[in-house]
There are 2 protein chains.
Amino acid sequence: MGKQMTEMLKGTLEGIVLAILAGRAAYGYEITARLRALGFSDIAEGTVYALLIRVEQRGFVDVEKIPSELGPPRKVYSLNGQGQEYLEEFWRTWSFLAGQLDQLRGGGR
Amino acid sequence: MGKQMTEMLKGTLEGIVLAILAGRAAYGYEITARLRALGFSDIAEGTVYALLIRVEQRGFVDVEKIPSELGPPRKVYSLNGQGQEYLEEFWRTWSFLAGQLDQLRGGGR
DNA sequence: TACTGGTACATAGTAACGCTGAATAGCGGC
DNA sequence: GCCGCTATTCAGCGTTACTATGTACCAGTA
């Protein structure tokens, strides 16, 4: 992925992952796979795990450890109330930014 | 401005400034004022100047020093060919990201 | 002359984020 | 036993925007 995308993901990747979790609970490896399916093909696994630890420490998600039949136990993350609120604020911030950019792009001034 | 916006601006502020310059040439102080008018009320002057130096070093803008009747001489930046190309790539990257986010927001899955 | 305020640019230090690259560990199949 | 897939973790790095200053030029005013 380009450097531009890398920089643009700063601040949005977190929202993207929380939005995925808003759909349903998931674990790290699964989230990485879903991101790749979404077209974010080059997001490193390490990035996702670091992000998950961050949002866990901020209290946006609940964690449950579930044994897997295939490999080591999975840490399943689910969005909690605080996370919901944060996600809503994320969407507000995003809407504002997207609005301004659309304006800039269209008007050219 | 919120911390969310701060992080989200990483990678997009550069595009925003280049888009402003695509409209017409401008100098740092003026760009800061325009950003504030656009609603990015808390963008520090220092941020804009640092960004302008960055894009200048990458060769995206041409610079002309023009004496001001009011204060020190202005450094007027104008987008050049390379900057145009970069801006177009920025819009492509942005479109992809915005598309994916819209999808995530709407579908909820 | 001295002071104030607006214009205009620059820089050192800091924090946050995503990436790179590697390590660790469990399980199934050849 | 070894390889490949699943699954998580961590240290070190580069980029970006912010904070907080500092420099400099000019106009108006007392």
Side-chain angles (χ1 to χ4, degrees), chain A residues 1-18 25-36 40-58 60-61 63-77 86 90 93 97, chain B residues 1-18 25-36 40-58 60-61 63-77 86 90 93 97:
Chain A
M1 210 166 296
K3 200 169 85 61
Q4 254 181 3
M5 184 57 94
T6 291
E7 291 306 323
M8 229 181 263
L9 281 175
K10 289 188 179 178
T12 54
L13 183 57
E14 194 175 279
I16 292 171
V17 169
L18 292 182
Y27 55 98
Y29 195 82
E30 184 187 3
I31 292 171
T32 305
R34 288 232 233 152
L35 286 173
R36 294 201 204 284
F40 301 104
S41 48
D42 287 340
I43 290 181
E45 279 187 53
T47 298
V48 175
Y49 288 110
L51 190 156
L52 287 172
I53 287 172
R54 227 153 49 222
V55 294
E56 181 187 354
Q57 281 173 349
R58 290 200 210 148
F60 297 150
V61 291
V63 187
E64 202 182 350
K65 209 155 205 169
I66 294 180
S68 162
E69 317 92 30
L70 207 55
R74 299 166 172 166
K75 279 176 75 175
V76 175
Y77 295 86
Y86 184 79
F90 169 81
T93 306
L97 189 60
Chain B
M1 212 165 298
K3 199 166 85 60
Q4 253 181 4
M5 182 58 91
T6 291
E7 290 306 324
M8 231 180 262
L9 280 176
K10 289 186 182 178
T12 54
L13 183 56
E14 196 175 279
I16 292 171
V17 169
L18 292 182
Y27 53 98
Y29 194 81
E30 186 188 2
I31 293 171
T32 306
R34 287 229 235 154
L35 287 172
R36 293 201 204 285
F40 302 103
S41 47
D42 287 340
I43 290 183
E45 275 188 62
T47 299
V48 175
Y49 287 112
L51 190 156
L52 287 173
I53 287 171
R54 226 154 50 220
V55 293
E56 181 187 352
Q57 282 174 348
R58 289 200 210 149
F60 297 151
V61 291
V63 188
E64 202 182 350
K65 210 155 204 168
I66 294 181
S68 163
E69 317 92 28
L70 208 57
R74 296 165 174 167
K75 277 177 77 176
V76 175
Y77 295 85
Y86 185 80
F90 170 81
T93 307
L97 189 60

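First the proteins, then the strands, lettered A, B, ... as listed; each starts at 1.
Residues B/Ile31 and B/Tyr49 are not in side-chain contact: their nearest non-hydrogen atoms beyond the backbone lie 4.5 Å or more apart. Residues B/Met8 and A/Phe90 form a side-chain contact, since some pair of their non-hydrogen atoms from C-beta on lies under 4.5 Å apart. When side chains are defined from C-beta on, A/Asp42 does not count as touching A/Thr6, because their heavy atoms never get closer than 4.5 Å. Proximity of A/Leu13 to A/Val48: side-chain heavy atoms (C-beta onward) are nowhere separated by under 4.5 Å. Under the 4.5 Å side-chain criterion, counting only non-hydrogen atoms from C-beta, A/Val55 is not in contact with A/Val17.
Here A/Tyr49 reaches the OP1 or OP2 of D/dT8: one of its side-chain N or O atoms lies under 4.0 Å away. Residue B/Tyr27 places at least one side-chain N or O closer than 4.0 Å to OP1 or OP2 of C/dA8.
Between A/Val48 and B/Ala50, it is B/Ala50 whose nearest contact on DNA chain C lies nearer the 5' terminus.
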Return the polar atom pairs (N/O with N/O) between nucleotides 20-22 of chain D and the protein under 3.5 Å, or none.
none

Identify the pairs formed between an N or O of the protein and an N or O of nucleotides 23-28 of chain C at a distance under 3.5 Å, and give each distance.
none

What N/O pairs connect the protein and nucleotides 15-17 of chain C at under 3.5 Å? Give each pair on its own line.
unit_1 : atom_1 : unit_2  : atom_2 : d
C/dA16 : N3     : B/Lys10 : NZ     : 3.1
C/dC17 : OP1    : A/Arg58 : NH2    : 2.8
C/dC17 : OP1    : B/Lys3  : NZ     : 3.4
C/dC17 : OP2    : A/Arg54 : NE     : 3.4
C/dC17 : OP2    : A/Arg58 : NH2    : 3.2
C/dC17 : O2     : A/Lys10 : NZ     : 3.1

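Remark: A/Tyr77 engages no residue in a ring pair (Phe, Tyr, Trp, His ring centres under 6.0 Å) (not counting sequence neighbours). Annotation: ring pair (Phe, Tyr, Trp, His ring centres under 6.0 Å) contacts of A/Tyr86 (sequence neighbours excluded): A/Phe60.
Residue pairs meeting the salt bridge (Lys or Arg N to Asp or Glu O under 4.0 Å) criterion with at least one partner in residues 47-56 of chain A, sequence neighbours excluded, are A/Glu56-A/Lys75.
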